[in-house]
Chemist: 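Following this message is one structure expressed as structure tokens.
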Amino acid sequence: MKNDAEITDDLIYRYLAGEASPEDALRIDAWLQAHDNRRHYLEIKAVWDATHPTKSSRPVDTASAWAALQTRMTSVRTHSESAKPKSFVFAIAASILLVLTCSVILYLYLNRDVPSVTNEIALQSGSSIRKVSLPDGSEVTLYHNSALVYPEQFPKDNRLIRLEGGEAFFSVASDPTRPFIVHAPQADIRVTGTSFNVLMKGDSLTVSVNEGSVKVYNATDSVTLTGGYTAHISGKDNLFTVTSTADPNLWAYATGKLVFDETRLSEVIRHIEKTYSCSINVRNESIYACRLTARFEDDSAQNILNLIAETLNLSVSRDDSVFTLEGEGCH
Amino acid sequence: MTEWTPDQAEVDGIALGDEHTFHNVFKRYYEGLCNYAFTILKDADEGEDVVQSIFLKLWEQGKRFDADDKLKAYLFKSVYHRCINQLAHRTIRIKHHDQEKSQTPPVQQPEVFPDEVDEMVKAAINRLPLQCRTVFMMSRYEELRYSEIAQRLNISVNTVENQISKALKFLRAELKNIREIYGHQSNEK
């Protein structure tokens, strides 16, 4: 066994408290390869975890992490790995250098909004809904199975992030000196400070504005949206269509707010299902025709359905994440 | 557990441009790195994001390492620096919030337990000597770094470290049976 004498309990306490240096963490990692050491460590960790059970680490799933990483790896590779022997290539390299330089300049020009030097952070939500703060204090809530990339630090003249898939709600901190730009494959979205929702589905993009003013643009078209408006672009013609039906319930997954005003239950159910990732069935089709007027904020799906059941004289039952409403419906 | 042997790597160098090699390195170190990141960030999702970003960058660059220990050092150092950086962001965000709310400096509340802490555990922590308890709670519940605790209480970092060790030693003795509750491995005494 190597260096065991140097892995003291005090070092383990430091490690658990998050104060271990990388060198220490490295040695602990090596030390933990031995079964007995692991057992000792886990005994101490159990006590640490008991003092704050919800802040315990969860098991790491290396296999699915690898799968997630692989999808990012193919899109990110820009140069080949092997070094060719210099002598042969040199003469050719000299003659194509001019052409290469021009291509590189053109490439950089076309991709000028993409930061090339700062460290990037890749965020994926998988099966959960994730809310994060960006380096400027703006907040992003990622819906399920969505992916976003942003830099560790925003440069001084812009705030650029890439939405790679799925859906996200942005609450952008006001900063008139630095436009906030969301780069999606179909279009870019530009704001200085406001809140809006972006949904990517297949080839299409839908931007809905909650508050403030948002400019959506690509090579062929552009449009400026204000609160309550939605722009939609499908892959076909790259032109935007604007509608004035931005329903804030669509981003309740981020804001926690659901507002219904004589809303048909079929729609109420649709919004609850999206926000809480559950399934709601009805025993009697005429339940869909009932209307609801209510406001919910940061409630649970169960509470909301209980209230609906009470208000509309229905009953609700639950089996895991599937709810069922029954009773006499409406006309 | 691992198919890739460091000895082979010492001969060839570790070329992370090769996907097979890269995968092996990932399998060997991913979990350990995530655990380390978690200890600093106290958030499993954020920790995994940081580690994934580091690996993605390594892949992008197709870096080559002379030997396993250099690669390992690089990985752990990267995790450390990115995590500390991320903590700094959080502080900035909290500062913005506080400025909007009140002018008075944030009050230390080392007496507040999170709801989910078991009564038995709470009782044990309350039996700690005063300074020991204060330091422990500031670390565990306010998630302050040792240097921050030292500064706020006007003591040395060394003292903070000793108090944490003292607290954990005490709690381990008091909570000997906790392992059954939290379901870890064998029932040795």
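Below, read A as the first sequence line, B as the second, and so on, with proteins coming before strands; counting in each chain starts at 1.
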Chemist: Working to the nearest 0.5 Å, report the span between CD1 of B:Ile164 and CH2 of A:Trp48.
Modeler: 6.0 Å
Chemist: Quick one: do A:Arg58 and B:Asp45 make a salt bridge, cutoff under 4.0 Å?
Modeler: yes
Chemist: Would you say the side-chain atoms of A:Thr62 and B:Glu31 include a donor-acceptor pair closer than 3.5 Å?
Modeler: no
Chemist: With a 4.5 Å cut-off on side-chain heavy atoms, are A:Ile44 and B:Arg172 touching?
Modeler: yes
Chemist: OH of A:Tyr13 to OG of B:Ser139: how many Å apart, nearest 0.5 Å?
Modeler: 13.5 Å
Chemist: Hey, what's the ring geometry for A:Trp66 with B:His23, parallel, tilted or perpendicular (30° and 60° as the breaks)?
Modeler: parallel
Chemist: What is the minimum heavy-atom distance between A:His52 and B:Tyr141, and which atoms define it?
Modeler: CD2-CD2, 3.5 Å
Chemist: Quick one: ring pair (Phe, Tyr, Trp, His ring centres under 6.0 Å) partners of A:Phe169, sequence neighbours excluded?
Modeler: A:Trp251
Chemist: Do B:Lys169 and A:Asp9 make a side-chain contact, defined as non-hydrogen atoms from C-beta onward lying under 4.5 Å apart?
Modeler: no
Chemist: Could you tell me whether the side chains of B:Glu19 and A:Gln70 share a donor-acceptor contact shorter than 3.5 Å?
Modeler: yes
Chemist: Quick check on the interface: out of B:Phe22, B:Phe136, B:Phe26, B:Phe55, who has the most heavy-atom pairs with chain A under 4.5 Å?
Modeler: B:Phe26
Chemist: Select one option (side chain, backbone, both, neither) describing which atoms of A:Ser21 are under 4.5 Å from chain B's heavy atoms.
Modeler: backbone
Chemist: What distance separates A:Leu69 CG from B:Tyr30 OH, expressed to the nearest 0.5 Å?
Modeler: 8.0 Å
Chemist: Nearest 0.5 angstrom please: A:Thr51 OG1 to B:Leu175 CG, how far?
Modeler: 9.0 Å
Chemist: Would A:Leu123 and B:Gln52 satisfy side-chain contact (heavy atoms from CB on, under 4.5 Å), going step by step from the backbone distance to the final call?
Modeler: CA-CA 9 Å; A:Leu123 203 65; B:Gln52 289 231 355; over 6 Å; no
Chemist: May I ask you to say whether B:Asp43 pairs ionically with A:Arg130, meaning some side-chain N is under 4.0 Å from a carboxylate O?
Modeler: no
Chemist: Where the side chain of B:Lys42 meets the backbone of A:Ala17, is there a donor-acceptor pair that is under 3.5 Å apart?
Modeler: yes
Chemist: To the nearest 0.5 Å, what is the distance between CD on A:Glu19 and CD1 on B:Ile40?
Modeler: 9.0 Å
Chemist: Given a strict heavy-atom distance threshold of 4.5 Å, which part of A:Leu16 is in contact with chain B: side chain, backbone, both, or neither?
Modeler: backbone
Chemist: Answer whether the closest heavy-atom distance between the side chains of A:Val60 and B:Asn35 falls below 4.5 Å.
Modeler: yes
Chemist: Around atom NZ of A:Lys274, are there more than 12 heavy atoms from other residues, nucleotides or ligands closer than 6.0 Å?
Modeler: yes
Chemist: In residues 172-179 of chain A, which residues are in contact with chain B at a heavy-atom separation under 4.5 Å?
Modeler: none
Chemist: Output yes when a side-chain donor or acceptor of B:Arg82 lies under 3.5 Å from a complementary backbone atom of A:Ile121, and no otherwise.
Modeler: no
Chemist: Check each atom of A:Glu23 against the heavy atoms of chain B and say whether the ones under 4.5 Å are side chain, backbone, both or neither.
Modeler: side chain
Chemist: Would you mind reporting whether B:Val117 and A:Pro53 have side-chain heavy atoms less than 4.5 Å apart?
Modeler: yes
Chemist: Check each atom of B:Ile125 against the heavy atoms of chain A and say whether the ones under 4.5 Å are side chain, backbone, both or neither.
Modeler: side chain
Chemist: Looking at B:Lys57 and A:Glu120, is there a salt bridge between them, counting it only when a charged N and a carboxylate O are closer than 4.0 Å?
Modeler: no
Chemist: Please report the closest heavy-atom contact between A:Tyr15 and B:Gly32, naming both atoms and the distance.
Modeler: OH-O, 4.3 Å
Chemist: Who wins among B:Glu46, B:Lys122, B:Lys77 for the most heavy-atom pairs under 4.5 Å with chain A?
Modeler: B:Lys77
Chemist: Using side-chain heavy atoms (C-beta onward) and a distance below 4.5 Å, is A:Ile28 in contact with B:Tyr36?
Modeler: no
Chemist: Minimum heavy-atom separation for A:Gly18 to B:Arg145, with atom names?
Modeler: O-NH1, 2.9 Å
